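Take a look at the structure set out below.
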Amino acid sequence: MTNFDFMSKKTAAFVVSIVLTLAAIGALAIQNLNLGLDFTGGTLVEVQYQNAPELDDVRQQLSEAGYRDFSVQTFGEANDILVRLQQQFDQSVGESVTNALSSKESSVQLVRAEFVGAQVGDQLRDQSGLGMLIALGVVALYVAIRFQYKFALGALLSLGHDVIILLGIFAFFQIDFDLTVLAAVLAVIGYSLNDTIIVYDRIRENIRKSQTNDLAKIFNDAINQTLARTLSTSGTTLLVLLALYFLGGDMIHNFSLALIIGVVLGTFSSVYVASALLLVVKLKREDLIPTKKEDVEDELP
């Protein structure tokens, strides 16, 4: 078993977390999320090439044709291209995009042109935000019931830390935020909570078995005991996500990126946010070990 002194580095970890969180909040406040077509509404055009094109060439052709605020990705086969335009739909937009992409070297066929209304996007955005808040509330209630309210506070701040920094990264780099990324954010909440629960369970077990009041040592022992499992789970998960990121195509590119960032953040926060915060909120052995009632002798009449 490893014997790293995690808690001695908690101050430096807190500084890193606070700086990243404030930077993420600043990015969200200044630049906002680059909401995709699912949330903002716009036009979706699917075209089919005779031969698979280079996506950079497709983007360049659209830029030269005067289109702005668009995204290009493969859809299924390599010769099926999906163009998302943040503009109002009209009957000629599909043909206009097709003509802009057609050339002497390659023939392009229009498959479909559809419009996603902004009203649907507003509903999705509001419902997704409400769903995330409900999920965090249920998580806090679950941890409070299973462990203790101080554990719930640590878990809730840990999850908030992961979500805010993840959203801040997407806002800072203006990465397209659509429904697939939202699904990844919700998955990150579940993954981070699972890792946190594993560490919490070992902390509670060690506190009940140990006779010492040195909670920092108890926390270090618990984290070291679960470290191999945590790294194995995170490592294998990251291998799959990296394969999806590099080989899965543009449709799930941002989805896999969000999960990669979330897994790294979740592994960090389960140690240096969820666990270390228990020391800040003054967790005591008495919070988990009920005091024994003194035996009272029955009075004889």
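All figures in this text were calculated on a predicted structure; none of them were measured in a lab. Both backbone and side-chain heavy atoms feed into the values below; hydrogens, waters and symmetry mates do not.
Screening L62, I81, V108 against V97 for a side-chain contact (heavy atoms from CB on, under 4.5 Å) leaves a single residue, L62. Applying the side-chain contact (heavy atoms from CB on, under 4.5 Å) test between T21 and each of D162, V16, V273, I165 identifies I165 as the sole match. When each of L259, L257, V240 is paired with Y245, the side-chain contact (heavy atoms from CB on, under 4.5 Å) condition holds for L257 and for no other. Checked options L110, V83, L82; the residue passing with E46 is L82 (criterion: side-chain contact (heavy atoms from CB on, under 4.5 Å)).
Checked against side chain to side chain donor-acceptor pair (under 3.5 Å), S8 has the following partners two or more places apart in sequence or in another chain: D5. In terms of the side chain to side chain contact (heavy atoms under 4.5 Å, CB included) criterion, residue partners of V143 (sequence neighbours excluded) are, by chain and number, V139, F147, F151, A152, A155, L193, I197, Y200.
Between the S210 side chain and the I207 main chain, no donor and acceptor come within less than 3.5 Å of each other.
With a 4.5 Å cut-off on side-chain heavy atoms, V163 and V185 count as touching. Side-chain contact between S192 and S270 is absent, with no heavy atoms from C-beta onward closer than 4.5 Å. You'll find the side chain of S63 reaches within 4.5 Å of the side chain of F70, heavy atoms only. Considering only heavy atoms from C-beta on, M7 stays 4.5 Å or farther from L215 through its side chain. With a 4.5 Å cut-off on side-chain heavy atoms, I198 and R229 count as touching. With a 4.5 Å cut-off on side-chain heavy atoms, V58 and Y49 count as touching.
Heavy-atom neighbours of E64 CD from other residues, nucleotides or ligands within 6.0 Å: above the threshold of 12.
For the residue pair Y191/S234, the side-chain donor-acceptor check at 3.5 Å is satisfied.
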### Message
Run the side-chain contact (heavy atoms from CB on, under 4.5 Å) test on Y67 and S96 for me, step by step, so that the C-alpha distance in whole Å, both residues' side-chain angles and the decisive distance to 0.1 Å come before the verdict.
### Response
CA-CA 10 Å; Y67 289 100; S96 299; 3.2 Å; yes
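Using a cut-off of 4.0 Å between Lys/Arg side-chain N and Asp/Glu carboxylate O, R84 and D176 are scored as not salt-bridged.
Minimum heavy-atom separation, A216 to L279: N-CD2, 4.1 Å.
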Please table the atom pairs, donor to acceptor, closer than 3.5 Å between any side-chain atom in residues 24-36 and protein atoms at least two apart or in another chain.
unit_1: Q31; atom_1: NE2; unit_2: A171; atom_2: O; d: 2.8
unit_1: Q31; atom_1: NE2; unit_2: F172; atom_2: O; d: 3.2
unit_1: N34; atom_1: ND2; unit_2: Q174; atom_2: O; d: 3.1

